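Below is one structure; the comments refer to it alone.
Letters A, B, ... are given to chains in the order of the sequence lines, protein chains preceding strands, and every chain is numbered from 1. Side chains included, hydrogens not; waters and symmetry mates left out as well; all remaining heavy atoms used. The model shown is predicted, which means the values in this text are computed figures rather than measured ones.
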2 protein chains.
Amino acid sequence: MDKRITLKELAKLLNVSISTVSKALNDSPEISVQTVQRVKELAKLNHYVPNASAVNLKTQRTQTIGVIVPEILSHFFAEALHGIETKASEMGYRIIICISNESMNKEAESIKTLVNGQVDGLIMSLSKETQASMRMDHLEILKNNNIPLVLFDRILSQVNCDKISINDSLQTKNAILELYASGCKKIAYFSGIQDTSVDNERKKGYFEAIKNLRLEEFIVCFDRKNFPDEKLLHFMRYEKIDAVLASDELGAILVMKSALNAGFKIPEDLSVIGFTNGIMSEHFRPSLSTVDQHAEKQGKLALGILIERIEGKLSKDPKEYKIETSIIHRNSTRKGILN
Amino acid sequence: MDKRITLKELAKLLNVSISTVSKALNDSPEISVQTVQRVKELAKLNHYVPNASAVNLKTQRTQTIGVIVPEILSHFFAEALHGIETKASEMGYRIIICISNESMNKEAESIKTLVNGQVDGLIMSLSKETQASMRMDHLEILKNNNIPLVLFDRILSQVNCDKISINDSLQTKNAILELYASGCKKIAYFSGIQDTSVDNERKKGYFEAIKNLRLEEFIVCFDRKNFPDEKLLHFMRYEKIDAVLASDELGAILVMKSALNAGFKIPEDLSVIGFTNGIMSEHFRPSLSTVDQHAEKQGKLALGILIERIEGKLSKDPKEYKIETSIIHRNSTRKGILN
DNA sequence: CTGAAAGCGCTTACAG
DNA sequence: CTGAAAGCGCTTACAG
């Protein structure tokens, strides 16, 4: 068998009309049980599978969701994708994945190719470039084509669509509070994800908490490929920094490595908390206390909301959903009065 | 604008036929430059995008590749996916990703939903279940529907298709040789991926190398969620094991943690090499020497081969490609005469 | 250079 | 209960 068998061919073989075959295969009550059975048998025998393009064209639905993420190599997005795929598969949807590589251009490209009736809806976490420029014109085309969008984690509040995220500023405040409660007095925030909505929220939370506690502010922005060891060590030696909150897992690990290599002890000399709970957090020595971002949960929720939106089960106005989160205490922090 | 504009509507607005619009948009030389220009302008103005389902139905091509992987959370598959997506996007293809979760059933399901004219070709890395049972009947449907398949990493030699992998047995031998050259005399292989083709190849290589060197064999199979610390420590204390080759990054990290926590020194008391070069290898203390599996390269190659196959640029017979790899020396191994 | 027509493989109102 | 027909939105041989 070299070519897929079609309804037409099945109809010929069975000596009935195409309509009858189609209805039988779709369990239409119009068709007699015997016919249904005959049709299904032959279909099975011939490995009949309906042509998706034809069905989609006719029904104007694809049962496919597009997903555009900035990258896939960090644990957060891999886990989110995992959640999205799992839930999609449960609900009978497929997912098409595009990676923007933090580029707005690539993001726009991907949207363009997906908008053409390829997907019923779109889930996105925005590229840094998009978030930094706050431009959203490349998202307009979605509106034009009536394709629902759900934004998660890296969101843009100006965009009118459903949004999923954690309460980053609140979580940051909580983390600072816990560090303070465990005895830390000079708490720095290290950011490796500048220009993202997430980072802005965290900085906001950091400043508020620090102000409330009447502490000193220390903010360091770094590039993952070029961690500023000297800066950290300088802060520790001369400013007596005794705690770091890092914007992501790798950042936190780099902070710990740097301090440990210089002979400092963790958590005695330096307490560290990182955002995002990945595999390194659990296995590093010492293990890293983290703010769990529930990537999988965010992914699943995003998918769920999107499907409801597609199927028209949601009221008109899009909503912003905040996911509850919590701090996982491991060995990079001291025991405080809170735990 | 609520509904997508179609060729028909453009034609009406322009007072020309649908054929003319279609040809103009596709830069057919049949159409006059002025017409082409007029058409394109109006199309742009109206944000026209051709309906993918219609085009696919007509052309019998989708420019979409299906990818089925066992999981996405380990670095190897995330990186492979990254490679596949990057290359696909370069070549103007989209990818639909399904995760089998190591289940043959889910794998079969995914194949079934993708086979229906949804994709032009398929890239797979097989689930453990499929590899353990060596069953391949669920892959038959691909042949029936004339959909080319490329297998990577977790391959099954009986399947008649293009295959990409690294030479696992050879790499294992090399790793053992290097450990031996650095002074190790009792070398164990720890496997956390039993029943995979990859693991079988490595065991083969392990046995051969050990035999050639006239050493003793130590093989330990473990479950990632339940690492057998006692067994490792027993081997170290009473059998004087002085080196471990682990089947994957996490396994190697668990070995190191276990030994370090028991007070052993790495690499002085125990040398460790892990397969797969992930993010933990670089950042753990001590950093882990690894056999790089070139996940991204495997992914890119798989995609490249598949497209050539789809576009009929490859000779009839499928081939098996072996990717060159190498050992990355870090601090979990001693310096030997080889490096 | 332009257009009418057939057809890709389906679904579904409508008629019988 | 079954079937003929229209149509989803395109492409492309063919005619003019």
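- Dashed line: the shortest gap from a side-chain N or O of A:Ser17 to OP1 or OP2 of D:dG3 is under 4.0 Å.
- For D:dC1, the OP1/OP2 oxygens have no side-chain nitrogen or oxygen of A:Gln34 closer than 4.0 Å.
- A:Met91 CE: more than 12 foreign heavy atoms inside a 6.0 Å radius.
- One interatomic measurement links the two molecules: CG of A:Asn56 to C1' of C:dC10, which rounds to 10 Å at whole-angstrom precision.
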Dot-bracket notation for DNA chain D, counting Watson-Crick and G-U pairs under 3.5 Å, with | for partners on another strand: |||.||||||||.|||

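- A:Asn51 has no side-chain polar atom (N or O) that falls below the 4.0 Å cut-off from OP1 or OP2 of C:dC8.
- When the C1' atom of D:dT2 is taken as reference, atom CG of A:Asn15 falls 13 Å away, rounded to whole Å.
- When atom types are taken as modelled, the side chain of A:Lys143 and the backbone of A:Asn160 share a donor-acceptor pair closer than 3.5 angstrom.
- Between A:Thr6 and C:dG9 there is no side-chain N or O to OP1 or OP2 distance below 4.0 Å.
- The closest side-chain heavy-atom distance from A:Leu126 to A:Ile155 is not below 4.5 Å.
- With hydrogens and angles ignored, no donor-acceptor pair under 3.5 angstrom links the side chain of A:Lys8 to the base of C:dG7.
- Look at CD on B:Glu9: it is 15 Å from P on D:dG7, rounded to the nearest Å.
- The residue among A:Thr20 and A:Leu57 whose nearest nucleotide of DNA chain D is located toward the 5' end is A:Thr20.
- Remark: B:Tyr48 is not in phosphate contact with D:dG9, judged by side-chain N or O atoms under 4.0 Å from OP1 or OP2.
- A straight line from CD of B:Gln60 to C1' of D:dC10 spans 12 Å, rounded to a whole angstrom.
- Counting distance only, with no hydrogens placed and no angle test, the side-chain atoms of A:Lys58 and the base atoms of D:dG7 include a donor-acceptor pair under 3.5 Å.
- Both B:Thr59 and B:Pro29 sit near DNA chain C, but only B:Pro29 has its closest nucleotide nearer the 5' end.
- Taking atom NZ of A:Lys12 as the reference point, atom P of D:dG3 lies 15 Å away to the nearest angstrom.
- In this structure a side-chain-to-backbone donor-acceptor pair under 3.5 Å is present from A:Thr64 to A:Thr62.
- Checked by atom type and distance alone, the side chain of A:Glu71 pairs as donor or acceptor with a backbone atom of A:Ser74 at under 3.5 Å.
- Rounded to whole angstrom, the span from the CG atom of A:Asp27 across to the C1' atom of C:dT12 amounts to 16 Å.
- When the C1' atom of D:dG3 is taken as reference, atom CG of A:Leu25 falls 17 Å away, rounded to whole Å.
- The number of heavy-atom neighbours closer than 6.0 Å to CZ of B:Arg61, taken from other residues, nucleotides and ligands shown, is above 12.
- As judged by a 4.0 angstrom heavy-atom cut-off over every strand, A:Thr35 is placed among residues touching the sugar-phosphate backbone only.
- For B:Ser19, whose side chain is taken as the heavy atoms from C-beta onward, the closest listed nucleotide among D:dT11, D:dG3, C:dA5 is C:dA5.
- One finds no salt bridge joining B:Lys128 and B:Glu107 here, because no Lys/Arg side-chain nitrogen approaches an Asp/Glu carboxylate oxygen to under 4.0 Å.
- Protein atom CD of A:Glu30 is 10 Å distant from nucleotide atom C1' of C:dC14, rounded to whole Å.
- For the 3.5 Å distance criterion, the side chains of B:His294 and B:Gln298 fail to qualify, holding no donor opposite an acceptor.
- Backbone-only contact: A:Ser32 has heavy atoms under 4.0 Å from sugar-phosphate atoms and none from a base.
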